[in-house]
Amino acid sequence: MSTNLKDLSVQRLGEYFVSEGIPRYRADQVADWLYQRGVEDPHEMTNLDGPLRERLASEWRTRALWLDVLKVSSDGTRKLGLRAADDEVVEAVLIPEERRNTLCISTQVGCPLACSFCATGAMGFTRNLSTAEIVDQVCRAREVVEREDRISNIVFMGMGEPLLNLPAVLEAIQLLTHPKAFAMAPRRITVSTAGVLPQIRPLLESGPINLAVSLHAARDEVRDVLVPLNRRFPIAELLDCLRKEELVSARRPVFFEYTLMEGVNDSPDDARRLPELLRGIPCKLNVIPMNPHADAPYRSPSREVVDRFTAILHEGGLRVTLRRNRGADIDAACGQLAVRSRSPLSPSA
Ligand code: SAH
């Protein structure tokens, strides 16, 4: 049995309570305190009876992450460095936009996929985050936002590969969407994967959340280098799987991410191949000019090259958005999340 209350979905907490002779509705009450009201001390959960309060306080933990560093970008983006009980640190990024507030959260300490352009990939892999550590990123972020700009969207695009930590991620999604917990609409949640093919269907079956797939190349020779996972699940197999996937539809399109790197994947030929490759998959393509960092040799193409690339995609009939580099001045932009304070960087699992 786990020792953190936030490791369990409301459903599972209820089952556990029942098995212990505690009425199921107590799980709803505990969830209301933990997630709706942000109260973590069981002694303050005043609608529970005294013995249950004592028991929760002595047998369970209720906090998994502590705010270590908060950096604020000139564009309003805020990066939280969050410390776990074992002193590992993960990052979450809060991105205020005109009509929404998106929180980008992590699922692993480091990442085993070693994508050659990603700062997290360069750290190596330390461990998976627990469900409590995933949802506590939301709890800590809520404590630093103003009341009026509440978190409206969650993207699993921080450190790590969510589909390599699927059980914890699915349990976290349960909490994010449960009416007694965070009560978010599933379509305000997006999970991004580098393409761990066998786990895509189990993810989609968990509910109508959005799927993002990090594509980054139109040819295997290039993607093999950028995303080494491509050697196991090459482009054609990945796209074929998505084309046949009935849980992908016009109402639930796939968001492809394409980090644009000068002289690597930014040629007109690459742009012409993409509409053809993605034919038959309801999708949108997000073009993200490379955010440079010390751990990778790549740069963003010039403005003209970026515009030419997206223009060709438009002509090919793709729905394309160009992502602005938010938070780059505090190393909070896409691909810049890495914890540099710990050393040595351990590549071990
Ligand atoms: N492992 C998952 C979740 C991380 S998402 C995945 O790969 O999808 C992180 C996103 O940031 C990915 O779309 C990735 O392409 C993008 N990214 C990584 N490094 C980047 C960089 N240096 N510049 C711009 N985008 C980057």
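Whatever order the structure lists them in is the order used to number ligands and atoms, beginning at 1. Counting from 1, the numbers follow the sequence of the chain as shown. Atom set for the values below is all heavy atoms of this structure, side chains included, hydrogens, waters and symmetry mates excluded.
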Student: Salt-bridge test for R12 and E171: reply yes if a basic N is under 4.0 Å from a carboxylate O, no otherwise.
Tutor: yes
Student: For C118, is at least one N or O under 3.5 Å away from an N or O on ligand 1?
Tutor: no
Student: May I ask you to decide whether K79 forms a salt bridge with E91, counting only side-chain N to carboxylate O separations under 4.0 Å?
Tutor: yes
Student: Is G160 close to ligand 1, meaning an N/O of one under 3.5 Å from an N/O of the other?
Tutor: yes
Student: Counting from 1, what ligand 1 atoms have a heavy atom of G158 closer than 4.0 Å?
Tutor: 4 (C)
Student: Which one holds for M290 and ligand 1: side chain close, backbone close, both close, or neither close, with close meaning a heavy atom under 4.0 Å?
Tutor: both
Student: Just jot down the ligand 1 atoms closer than 4.0 angstrom to any heavy atom of A194, in number order.
Tutor: 6 (C), 7 (O), 8 (O)
Student: Check ligand 1 against E257 and write out every atom of the ligand that is under 4.0 Å from a heavy-atom position of the residue.
Tutor: 10 (C), 12 (C), 13 (O)
Student: What part of M159, side chain from CB on, backbone N/CA/C/O, both or neither, has a heavy atom under 4.0 Å from ligand 1?
Tutor: neither
Student: Indicate yes or no for a side-chain donor-acceptor contact from K6 to the backbone of T62 under 3.5 Å, with no hydrogens or angles considered.
Tutor: yes
Student: Heavy atoms only, cut-off 4.0 Å: how does V227 contact ligand 1, side chain, backbone, both, or neither?
Tutor: neither
Student: Taking V10 as the fixed residue, which of E15, H178, Q174 is the one that meets the side-chain contact (heavy atoms from CB on, under 4.5 Å) rule?
Tutor: H178
Student: Which atoms of ligand 1 are found less than 4.0 Å from any heavy atom of I288?
Tutor: 24 (C), 25 (N)
Student: Should the proximity of T259 to ligand 1, defined as any heavy atom under 4.0 Å, be assigned to the side chain, the backbone, both, or neither?
Tutor: side chain
Student: In terms of side-chain geometry, is the basic nitrogen of R223 or D220 positioned less than 4.0 Å from the acidic oxygen of its partner?
Tutor: no
Student: I'd like to check which ligand 1 atoms, numbered from 1 as shown, lie under 4.0 Å from a non-hydrogen atom of H293.
Tutor: 22 (N)
Student: May I ask you to decide if the ring planes of Y35 and F182 are parallel, tilted or perpendicular, using 30° and 60° as cut-offs?
Tutor: tilted
Student: So, E205 and R201, do they make that salt bridge, N to O below 4.0 Å?
Tutor: yes
Student: Looking at R63 and E133, is any side-chain nitrogen of the basic one under 4.0 Å from a carboxylate oxygen of the acidic one?
Tutor: no
